[in-house]
Amino acid sequence: MSHLNTALWGVLLWRRLRVRAVRRATRRTDRVLYPVLAAVLLAGLCATLVGPTSAHYDYRLGGSVWFRTLFELSPDVPAMAHAPLVFQLHTLLGMALFALWPFSRLIHAFAAPLGYLARPYILYRSRGGAITR
């Protein structure tokens, strides 16, 4: 995840916590998810900062290989076992995030509002009775 995306998540999280109307609309499952999301982002940032300083580990040869074998349903455990702790933590927290995803409002990321393309205009009536668009 890029640093710009991390900043955007931070701003949206700040808004959810600080704006009263948004905070009142927040569900309990979302409140459980926020610390996990923050931990994933922080672990990813730490991995990005630690990555160049740890010349002995290349995530493209370890973590990436492990993910590919995981998707093939034949995980290469040693590929991830030799990764630094920050990479392992980032991966574990990322999996927890995806496990919690369907039970939170983040599920809306997969709901494309295609109905909006074909819906009619919404007519609003002012208190004076005039129709406005």
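Start at 1 with the first residue, then count along the sequence.
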Identify the two heavy atoms, one from [X] and one from [Y], that lie closest to each other, and give their separation to 0.1 Å.
| X | Y | answer |
| --- | --- | --- |
| H90 | V40 | ND1-O, 3.1 Å |
| A99 | P102 | O-CD, 3.5 Å |
| L93 | A39 | CD1-CB, 3.6 Å |
| D76 | V65 | OD2-CG1, 4.1 Å |
| A47 | V86 | N-CG2, 3.7 Å |

Which distance, rounded to the nearest 0.5 Å, do you find between the CG of L97 and the CG of L92? 11.5 Å
What's the separation between atom CG in L17 and atom OH in Y34, rounded to the nearest 0.5 Å?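 Rounded to the nearest 0.5 Å, the CG-OH separation comes to 7.0 Å.
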When you group the ILVMFWY residues by side-chain heavy-atom contacts below 4.5 Å and let the links chain together, are [Y] and [X] in the same group?
| X | Y | result |
| --- | --- | --- |
| L42 | L37 | no |
| L41 | L89 | yes |
| V36 | F98 | yes |
| W101 | V32 | no |

Hydrophobic cluster mates of M80, side-chain heavy atoms under 4.5 angstrom, ILVMFWY only, any path? W66, F67, L70, F71, M95
Taking atom CZ of R23 as the centre, does the number of heavy atoms from other residues, nucleotides or ligands within less than 6.0 Å exceed 12?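 Buried by this count: over 12 neighbours within 6.0 Å.
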Check salt bridge (Lys or Arg N to Asp or Glu O under 4.0 Å) between D30 and all other residues, then give those that pass, not counting sequence neighbours. R105
